[in-house]
Amino acid sequence: MAKRWAGVGAVQESVETAEVMGNMLQGYVDSVSPDMRTLTGWVEVRSADERPNVFLARGSARDGLTSFGEQRADVLRLLGISNRSFTLTLDHPLDPGLVLTKAHAVLIESDGAPNPLQLGGRAVPQLMADFVRTISAETKGTREAVLEVLNKTGKPTAAPLVKYAHESVAAGRDGDLSYLGFPVGLRSGDDLAQIGRDGHLFLTGGTNALRDQYKEPHDESEVLAMEVRARKWEAALADSGLALAEMGIPFLTTIIPEKLTALRKLAPLPIDGPTPLYRRLLELLRETPYHLDVLPLFETWECHIEAWQKNDTHCSPAGSLAITRAILDRLPGIDRGLVDDVALSDLEYRNGDLAGKFFDIPLWDRQYRPAPDALGPSRIENVYSYSPGNFVGSHNIWENSLAPNNKKVVVFGNSFFSGVESPTRLGWWFSRLFREYHMKWDNAVDLDYVRDVRPDYVIFQTIERFLVRPPGQKVS
């Protein structure tokens, strides 16, 4: 096996950089062998016997065989993360250029959702050096130009805010927080998010052009385009409802509002209500027996615990519990009493998916969650997991032999239902309430799949910003 190389500084750098990744963090690659066929690093594990799937994604192809070693004491000491060291051996050498441009990536797959492992330590300089040598053979002067830049900047260093990240993480997890006054409307560097009122962070940009979706159509052509989208959704859901009724399977749909819509009084933008497309679709679906409108849950929210996480695009455990109760109310043969008396008694502090977009450091939110056994004992096992290399299209099946409902539920949805580790996700509740919980990340009902598995219930869920892409179109 090729000689491994990584210095002491690389260990500290990997830990510090890992801290700013927040809840998505699952590991780090800190060394690459000279022959580009062996990578080493560490990955987070939830139990001593867990061995997550680590691989190099070359487009849609996977490469690599992973072996695991002992726990990294430095990671445990600085981060408090249970982990395992790993060695990933590739069948073919990786291409530094494709890795640096993120066309290829090292991924870790857990619960069917692959996350990229960060590259750092000595890995980045080694990949850069090999990349320079390759392109310099093809383009005159390239090697000299790149090396001049590297010599001026030196070894890539962590940003100043990252340097002491492990200290801020420890304080954040303990709830030792301090709040500073930032102007409402402050945008993240990538223009994806903005700071709203009362410390809430909001997604306002992205590939779905969320800000623009709140603009009223200003001419006949825009009104017509909106109507066409709304009618496509209406027809697709009606077709699914009819097909499932013929199979005798109860069907329920729900469209979760954007945080901007649900908390528009706190939003950094002037928002009067739902996006015009969402509003129109709610009108079309108002009388349909299979649609559940959850927007009123948030517009009439009175609980002292907030319905949304401050630093995240998803609901808080309280918000997810409210949606779960509303869904159970509409599923025949299910006792909603199972969740009526659930107490949000445990306090924790969590980083969120929008936090790192502003200052490259964790921004913590206080959350009240249910006790682990709030829904009774559970024995949850992920019996099937598939991912095409990103979230969209992923497919997971969880079984819970101790579930209070001996029923099988299939959900076609997105991140609000994905994952079973946190009660901020609906999947946490459904994996504990049902004997089988199937989750397919899709923006349409797969009737062939339903015919194959014959579930007791089918749920379709999407979110307001995805409505611009009717069923059958790719959701990003």
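For the pair Phe358 and Ser188, the tightest heavy-atom approach, listed with the atom from each and the gap, is CE2-N, 3.6 Å. For Gly185 against Gln194, the heavy-atom pair with the smallest separation is O-NE2, 2.9 Å. Contact record, Arg454 with Arg451: CD-O, 3.4 Å, taken as the closest heavy-atom pair. Ile195 and Pro268 get closest at one heavy-atom pair: O-CB, 3.3 Å. Considering every non-hydrogen atom in both Ile323 and Cys315, the closest pair reads CD1-SG, 4.1 Å. Closest approach of Leu76 to Gln71, counting heavy atoms only: CD2-NE2, 3.3 Å.
Counting only distance, with no hydrogens or angles, the side chain of Asp456 and the backbone of Val409 share no donor-acceptor pair below 3.5 Å. Using modelled atom types, one side-chain atom of Trp429 and one backbone atom of Pro423 make a donor-acceptor pair closer than 3.5 Å. Proximity of a side-chain donor or acceptor of Ser240 to a complementary backbone N or O of Val445 within less than 3.5 Å is not detected. Using a distance-only test at 3.5 Å, with no hydrogens or angles considered, a donor-acceptor pair links the side chain of Asn83 to the main chain of Ile81. Between the side chain of Glu234 and the backbone N or O of Ala230, no donor-acceptor pair lies under 3.5 Å. Between the Thr462 side chain and the Asn443 main chain, no donor and acceptor come within less than 3.5 Å of each other. No donor-acceptor pair closer than 3.5 Å links the side chain of Arg264 to the backbone N or O of Pro274. Not a single donor-acceptor pair under 3.5 Å links the side chain of Arg369 to the backbone N or O of Ser345. Although no hydrogens or angles enter the test, the distance criterion places no donor-acceptor pair under 3.5 Å between the side chain of Lys407 and the main chain of Leu433. Not one N or O on the side chain of Tyr384 forms a donor-acceptor pair closer than 3.5 Å with the backbone of His438.
Remark: of the listed residues Ile108, Leu107, Thr87, Ile108 is the sole one forming a side chain to side chain contact (heavy atoms under 4.5 Å, CB included) with Val54. When each of Arg286, Arg280, Arg279 is checked for a side-chain hydrogen bond (donor to acceptor under 3.5 Å, both in side chains) with Glu283, only Arg280 meets the rule.
Not a single salt bridge (Lys or Arg N to Asp or Glu O under 4.0 Å) links Arg366 to another residue, sequence neighbours left out. For Ser378, the side chain to side chain contact (heavy atoms under 4.5 Å, CB included) partners are Ile380, Asn400, Arg432, not counting sequence neighbours. With sequence neighbours excluded, the residues satisfying salt bridge (Lys or Arg N to Asp or Glu O under 4.0 Å) with Glu258 are Arg465. Looking at residues two or more places apart in sequence or on another chain, you find no salt bridge (Lys or Arg N to Asp or Glu O under 4.0 Å) involving Glu399. With sequence neighbours excluded, the residues that form a salt bridge (Lys or Arg N to Asp or Glu O under 4.0 Å) with Asp329 are Arg336. Residues satisfying the ring-ring contact (aromatic ring centres under 6.0 Å, His included) criterion with Phe430, sequence neighbours excluded, are Phe417, Phe434.
With contacts defined as side-chain heavy-atom distances shorter than 4.5 Å, the pair Ser394/Ser418 does not qualify. Contact check for Phe412 versus Val458: side-chain heavy atoms found under the 4.5 Å cut-off. By the 4.5 Å heavy-atom criterion applied to side chains, Tyr28 and Val75 are not counted as neighbours. Contact check for Leu375 versus Trp428: side-chain heavy atoms found under the 4.5 Å cut-off. Side chains of Leu117 and Phe86 form a contact here, defined as non-hydrogen atoms less than 4.5 Å apart. Counting heavy atoms from C-beta on, the side chains of Lys215 and Glu222 never come closer than 4.5 Å. Contact of the Leu88 side chain with the Val29 side chain is not registered, since no non-hydrogen atoms from C-beta on lie closer than 4.5 Å. Residues Arg325 and Leu297 have side chains not in contact (no heavy-atom distance under 4.5 Å, counting atoms from C-beta outward).
Atom CE of Met439 sits about 9.0 Å away from atom CG of Asp442, to the nearest 0.5 Å. Note that the CG atom of Asp452 and the CG atom of Asp446 stand 8.0 Å from one another [nearest 0.5 Å]. For the atom pair Gln213 CD and Thr204 OG1, the distance stands at 12.0 Å (nearest 0.5 Å). Between Asn405 atom CG and Tyr457 atom OH the span is 7.0 Å, to the nearest 0.5 Å. The CG atom of Leu467 lies 13.5 Å from the NZ atom of Lys232; values are rounded to the nearest 0.5 Å. Asp353 CG to Thr313 OG1: the interatomic distance, rounded to the nearest 0.5 Å, is 3.5 Å.
Within 6.0 Å of CG in Asp91 there are more than 12 heavy atoms belonging to other residues, nucleotides or ligands. Crowding of Asp190 atom CG: a count of heavy atoms from other residues, nucleotides or ligands under 6.0 Å exceeding 12.
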Next on the checklist: Between Ile256 and Gln461, does the side chain to side chain contact (heavy atoms under 4.5 Å, CB included) criterion hold? Intermediate values first, please.
Outcome noted: CA-CA 7 Å; Ile256 297 178; Gln461 170 268 319; 4.0 Å; yes

Item to check | Leu56/Val106 under side chain to side chain contact (heavy atoms under 4.5 Å, CB included): CA gap, chis, key distance, verdict | outcome: CA-CA 4 Å; Leu56 177 69; Val106 181; 4.0 Å; yes

Checklist entry - Passes side chain to side chain contact (heavy atoms under 4.5 Å, CB included), Phe298 versus Thr261? Steps please. => result CA-CA 9 Å; Phe298 305 109; Thr261 297; over 6 Å; no

Item to check | Step-by-step side chain to side chain contact (heavy atoms under 4.5 Å, CB included) determination, Asp312 to Asp365 | outcome: CA-CA 9 Å; Asp312 201 282; Asp365 179 33; over 6 Å; no

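A salt bridge is absent between Asp198 and Lys265: the closest approach of a Lys/Arg side-chain nitrogen to an acidic carboxylate oxygen does not fall below 4.0 angstrom.
At least one cation-pi condition fails for Arg84 and Phe68: the charged atom is not both under 6.0 angstrom from the six-membered ring centre and inside a 45 degree cone around its axis.
When only modelled atom types and interatomic distance are considered, Gln367 and Ser316 share no side-chain donor-acceptor pair under 3.5 Å. Defined by atom type and a distance below 3.5 Å, a donor-acceptor pair is missing between the side-chain atoms of Ser85 and Arg72.
In this pair, Phe416 and His314 present their aromatic rings tilted. The plane angle is within the 30 to 60° band.
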